[in-house]
Amino acid sequence: MNSKSETDEASRGSEASSSNNNPAPSNSKEQSEAGLCADTSSNSSDIMKRAAARQLIERYFYQLLDGCGNPNCDNQYCASSGEARNLTPNEAAAEAIKLFYKEARLCDTLPNKVPRTEASTCDTSASAPCSTSNTKDKNNRDKKGDASCSSSPNDNKTDKPETSHNISREEYKNLSHNNGAPLTEDRIYELCDECLQTKKPQALIRALGEAFTQPAILSRCFQKKVSKCDVSEGKKKLDKELKAMCSSSDPDKDVDCVTGPGLDVASCQRAFQYLAKVPSEYYSSALVTALKTLAENMEIDLRITKKMSLEDVVNCFVIAFEVPDLRCSDYLEIALPALCHAAEHLPVKAQAKLARIWSQHCKDSLRHILETLQQLITLRVICTNYSRNYQVQDDETVTMATKLMKIVYFANMLAGVMEANTLREEPVVIASQLDPLGDALDHLYPLSSIKNSKQAQQDDPLAIELDVNVLDSRKPYLPFEEFYNEPLSDNIEMDIDLANCKTEIGNGRKFSFLKYPFILTAATKSLGLYYENRIRMYSERRVSLLHAVVGAAPPMPFLRLKVRRSHIIDDALVELEMIAMERALDLKKQLVVEFEGEQGVDEGGVSKEFFQLVVEQIFNPDYGMFTHRQDSHTVWFNPTSFETEAQFTLIGIVLGLAIYNNIILAVNFPMVVYRKLMGKKGSFEDLADWNSTLYNGLKDMLDYTGSDLEEVYYQTFRICYTDVFGNNIFHDLKENGDNIFVTQDNKQEFVDLYSDFLLNKSVETQFRAFRRGFVMVTDESQLGSLFRPEEVETLVCGSKNFDFNELEKSTEYDGGYTAESQIIKDFWSIVHSLTLEDKRKLLQFTTGSDRVPVGGLSHLKLVIARNGPDSDRLPTAHTCFNVLLLPEYSSRLKLQDRLMKAISYSKGFGML
């Protein structure tokens, strides 16, 4: 019987009820139900039509949900056939209305009376409806939702909703394979047990193959089980949808499917953990092939057909990446790249949904997913010979895996400890200066200039969708360092990557790893920042020459500072203040420092010493701009400083110039300073490295649960701190704070206000000026988008790892020396025996800075050159080029004596 004939019978008003074994619609209750969408003035014919339509839709509903009970059913719209999707009650209600409009096929049996899993208990044939025991059972079928056969021994069996989740094991054993039904946890258990017992994996392979090759089936696997209340909710939804259908002016209007309970991730994980007990060689090859087919099908759907819902697509990716380790190379070489290619086409909303699911339900899987992607990238990078014509940026396997890793990166932040995104520093606005000649030059040479990069860096669309910022990640689930890929970082030609980042190609952009900075080491990113700053310097140099050609200004290709050692602070700050006032763009030029009365030419080494001397004096407590914290050995802004805001602005300029000119400083700021420079205000957790004693005391207060907190701590909302002269200064955190005691109810508020005052409000004037000077130099760079606060600290202060074995391995030799020369062996023997302080002096002597560069001493290219035969001369150095000139001393003792004198008493520059 089909729906069309049923509707024709209903229109005659006589056969609808008999065909469904229900009372005639003249019954008052049925009239009430049939009149859901009928007007009081509707005629009896319309009422009868709607009653018949409701009965048909209800039959479709039960047919989709429970099936007809016929194990040989071939109706694609019946759950018993195995071809229909595993629907939830809500989804079945919406789908039933669609089938009614399509006049889809109805099975001969009454599905809402005979649950499909109990068909085997009937005496009659499977193709015929089962007879009920008596009239009373017939009248109560709708209430119970099931019926038993007259000869069934399970008449008193407890009612239970029958879905694909609880199909009996006996039925499964009779099936040769899964018949296209979605996988469940129990089904995986059964297949694994059968495989382990019989040593025959065919059934397991078929079931996995059917599910993993078809996204429509895989997306419905491991669904949350449906309870009785869900069925009743589905019927209510059916009535609601029917009302909407009848009241709609367009009867052909499509009805959107209702979202069901969704994927049961925990069940999926348990099933795959059990699957891991089966030797992977049984199914790994077949599963790899299935995953590749799955990825191709999903890519086609995402790019072209777009038939699947975003939820189904995301479910497929979640399940696919829960697959246990297959321990075969084919997964890395075939299946995983295909999944990465498919994931590239995920819309931003789907990426965000996938990140949220991974962060909430798959925390334990994040490390496995990350390690798998890292293995793919590393394997590909190591096994591929890249050239200038075929860069790693052109390798789609690497780039697609990197894009997928971005989703893991955001999921990792969401899975960790996140702070409120409201604690933001006010943005610093730098007035743009008119430079018509520079703009004209940029127009003539657009590819060689990056002035347009001053436009604000666009936020990542996924970060916007998730409302996530790396500054708000207090503690990620996995350390950020685990996202670094060193083989990849070492193989990137950063000049090309920067060009890809800045240059538009066609309608899109070429791939640039600078857009995915989480995968790059700090050393590689610092090289990208160095290239960007150098290009900017050359751009300013060209602008200066153009000014000179047209007579607009004398040629000033460099930012030249001439200072006296005895008055270095006064001279430097006065000159920088003049430049900042007259033309701040000159700060973007290459810095050249000249010490008055000395012959040194600045190729980098003179600037290093200039910054070191400036930092030593500025951060001296006697200068009064900063205070030293003895417990943490850090410096902090003096809230009671007598210096003007302009002085702090100039200090910010000095720090910005150091980064801009790739110079490492001996600055000991707490981490909260770098977080504030990046735009994040200080909070309670930042007190840990600012003042650990205070932090521990406040944390004890927060952890204290006794009702006598007020008596134990006797603390009010008035706090006291001391200035540099030792005077006590009182401050009320709230109005009339001295009369408000800290209690269990307001202790969190006290801690937040106390932290905010110490880290933000008390030094607001000083830090705002300091940050303004810093931004004046760095506003056009990608500093904020490339580096996290911890990496900015490394960029400013260098690495803290003094591994001189790495320096020995990376050192080059010239002038006749080799690594096997006896004097070289003696030199390194002496160096390794030095104290840390003497090692710092050696670095200062040879490179102009006692700091370790970003990435460690292996990134410091030291050159030791022979400087003549044995003599009494001391070693000398070209600090601009990291070259140590070492005479070939006759003995180890003489070498040690001359070297220690050179590094201990060296100061000043001369011409050799």
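This structure is a prediction, so every number in the text was calculated from the model and none was measured. Index from 1, following the sequence.
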>> Would you compute the distance between atom CE of M537 and atom CG of L591 and round it to the nearest 0.5 angstrom?
In response: 8.0 Å
> Any donor-acceptor pair under 3.5 Å linking the side chain of T649 with the backbone of A769?
Replying inline: yes
>> Checking R534 now: which residues fulfil salt bridge (charged side-chain N to carboxylate O under 4.0 Å, His left out) with it, not counting sequence neighbours?
In response: none
> Salt bridge between D814 and R866, side-chain N to carboxylate O under 4.0 Å?
Replying inline: no
> Does the side chain of T634 reach to within under 4.5 Å of the side chain of V673, using non-hydrogen atoms?
Replying inline: no
> Quick one: salt bridge (charged side-chain N to carboxylate O under 4.0 Å, His left out) partners of D756, sequence neighbours excluded?
Replying inline: K761
>> I'd like to know whether Y695 forms a ring pair (Phe, Tyr, Trp, His ring centres under 6.0 Å) with F684, so could you lay out the CA-CA distance, the side-chain angles of the two residues, the decisive distance to 0.1 Å, and finally the verdict.
In response: CA-CA 8 Å; Y695 173 80; F684 169 64; 4.9 Å; yes
>> Using every non-hydrogen atom in the two residues, find where A580 and I653 come nearest and quote the distance to one decimal.
In response: CB-CD1, 4.1 Å
>> Tell me if a side-chain donor or acceptor on S512 pairs with a main-chain N or O of D497 at a distance below 3.5 Å.
In response: yes
>> Just to verify, what does N728 make a side-chain hydrogen bond (donor to acceptor under 3.5 Å, both in side chains) with, not counting sequence neighbours?
In response: none
>> Could you check whether any side-chain N or O of S692 sits under 3.5 Å from a backbone N or O of A688, counting only pairs where one atom can act as donor and the other as acceptor?
In response: no
> Does F483 reach the side chain of I519, with side-chain heavy atoms less than 4.5 Å apart?
Replying inline: no
> Listed by chain and number, what are the side-chain contact (heavy atoms from CB on, under 4.5 Å) partners of E764, not counting sequence neighbours?
Replying inline: R768
> Counting N and O atoms only, with roles assigned by atom type, does the side chain of T794 sit under 3.5 Å from a partner on the main chain of E790, one being a donor and the other an acceptor?
Replying inline: yes
> Who are the ring pair (Phe, Tyr, Trp, His ring centres under 6.0 Å) partners of H567, not counting sequence neighbours?
Replying inline: none
>> Under the criterion side-chain hydrogen bond (donor to acceptor under 3.5 Å, both in side chains), I'd like the reasoning laid out for K676 against N760: C-alpha separation, chi angles, the key distance, then a yes or no.
In response: CA-CA 9 Å; K676 288 169 69 67; N760 301 314; 2.9 Å; yes
> Which value, rounded to the nearest 0.5 Å, describes the distance between Q590 atom CD and F558 atom CZ?
Replying inline: 5.5 Å
> Does D872 come within less than 4.0 Å of R898, counting only side-chain N to carboxylate O?
Replying inline: yes
> What closest approach, in Å, do G624 and S641 show between heavy atoms, and which atom pair accounts for it?
Replying inline: O-OG, 3.3 Å
>> Going by the rule salt bridge (charged side-chain N to carboxylate O under 4.0 Å, His left out), which residues pair with D689 if we only count those two or more places apart in sequence or in a different chain?
In response: none
> Between E425 and K681, is there a side-chain N and carboxylate O pair less than 4.0 Å apart?
Replying inline: no
> K562: what forms a side-chain contact (heavy atoms from CB on, under 4.5 Å) with it, not counting sequence neighbours?
Replying inline: E575, E594, E596
> Under 6.0 Å between the ring centres of Y721 and Y754?
Replying inline: no
> Closest heavy-atom contact between P789 and R675?
Replying inline: CB-CG, 3.7 Å
> Salt-bridged, D472 to R424, with N to O below 4.0 Å?
Replying inline: yes
> Can you name the ring pair (Phe, Tyr, Trp, His ring centres under 6.0 Å) partners of F804, sequence neighbours left out?
Replying inline: none
> To the nearest 0.5 Å, what is the distance between CZ (F595) and OG (S566)?
Replying inline: 11.0 Å
> Which atoms form the tightest heavy-atom contact between Q612 and Q844, and what is the distance?
Replying inline: OE1-OE1, 2.6 Å
>> Evaluate I659 against L529 for side chain to side chain contact (heavy atoms under 4.5 Å, CB included), listing each step before the verdict.
In response: CA-CA 9 Å; I659 293 178; L529 187 67; 4.1 Å; yes
> Can you name the closest pair of heavy atoms from P887 and P875 and give their distance?
Replying inline: CD-CA, 4.3 Å
> Do the non-hydrogen side-chain atoms of T627 and V635 ever get within less than 4.5 Å of each other?
Replying inline: no
>> My understanding is that only residues two or more places apart in sequence, or in another chain, count here; which of them pass side-chain contact (heavy atoms from CB on, under 4.5 Å) with N662?
In response: Y530
> Is it true that K861 and E812 have a side-chain N and a carboxylate O under 4.0 angstrom from each other?
Replying inline: no
>> If we ignore hydrogens and angles and just use 3.5 Å, is the side chain of S473 paired with the main-chain N or O of V470 as donor and acceptor?
In response: no
> side chain to side chain contact (heavy atoms under 4.5 Å, CB included) between N867 and L886: does it pass, once the steps are laid out?
Replying inline: CA-CA 5 Å; N867 192 24; L886 190 66; 5.8 Å; no
> Counting distance only, does the side-chain N/O of S904 pair as donor-acceptor with the main-chain N or O of K901 below 3.5 Å?
Replying inline: no
> Looking only at atom types and distance, does a side-chain atom of T811 sit under 3.5 Å from a main-chain N or O of V863, one as donor and one as acceptor?
Replying inline: no
> Between atom CG of L665 and atom CD of E616, what is the distance when rounded to the nearest 0.5 Å?
Replying inline: 11.0 Å
> How would you list, by chain and number, every residue that makes a ring pair (Phe, Tyr, Trp, His ring centres under 6.0 Å) with F767, sequence neighbours excluded?
Replying inline: F637
>> Run L657 and I663 through side chain to side chain contact (heavy atoms under 4.5 Å, CB included) and show every step you take.
In response: CA-CA 8 Å; L657 285 175; I663 295 174; over 6 Å; no
>> For the CG atom of L576 and the CG atom of L650, what is their distance to the nearest 0.5 Å?
In response: 6.5 Å
> Backbone N or O of L807 within a donor-acceptor pair of the S810 side chain at under 3.5 Å?
Replying inline: yes
> Where is the tightest heavy-atom contact between V672 and W636, given as atom of each residue plus distance?
Replying inline: CG1-CZ3, 3.7 Å
>> Tell me whether the rings of F770 and F669 are parallel (<30°), tilted (30 to 60°) or perpendicular (>60°).
In response: perpendicular
>> For residues 519-528, which residue pairs pass the side chain to side chain donor-acceptor pair (under 3.5 Å) check, not counting sequence neighbours?
In response: T521-T524, K525-E791
> How far apart are the C-alpha atoms of V763 and N638, what are their side-chain angles, what is the distance that settles it, and do they pass the side chain to side chain contact (heavy atoms under 4.5 Å, CB included) test?
Replying inline: CA-CA 7 Å; V763 294; N638 181 7; over 6 Å; no
>> Are I579 and L559 packed together at the side-chain level, in the sense that at least one heavy-atom pair is separated by less than 4.5 angstrom?
In response: yes
> Does S683 offer a backbone N or O that forms a donor-acceptor pair with the side chain of D686 under 3.5 Å?
Replying inline: yes
> Is a donor on one side and an acceptor on the other found under 3.5 Å between the side chain of S539 and the backbone of I535?
Replying inline: no
>> Nearest 0.5 Å, please: how far is CG in L834 from NZ in K841?
In response: 10.0 Å
>> Under 6.0 Å from the ring centre and within 45 degrees of the ring axis: does the NZ or CZ of R629 meet both conditions for the six-membered ring of W690?
In response: yes
> Can you name the ring pair (Phe, Tyr, Trp, His ring centres under 6.0 Å) partners of F480, sequence neighbours left out?
Replying inline: Y409
>> With a 4.0 Å cut-off on N to O distance, would you call D803 and K809 a salt bridge?
In response: no
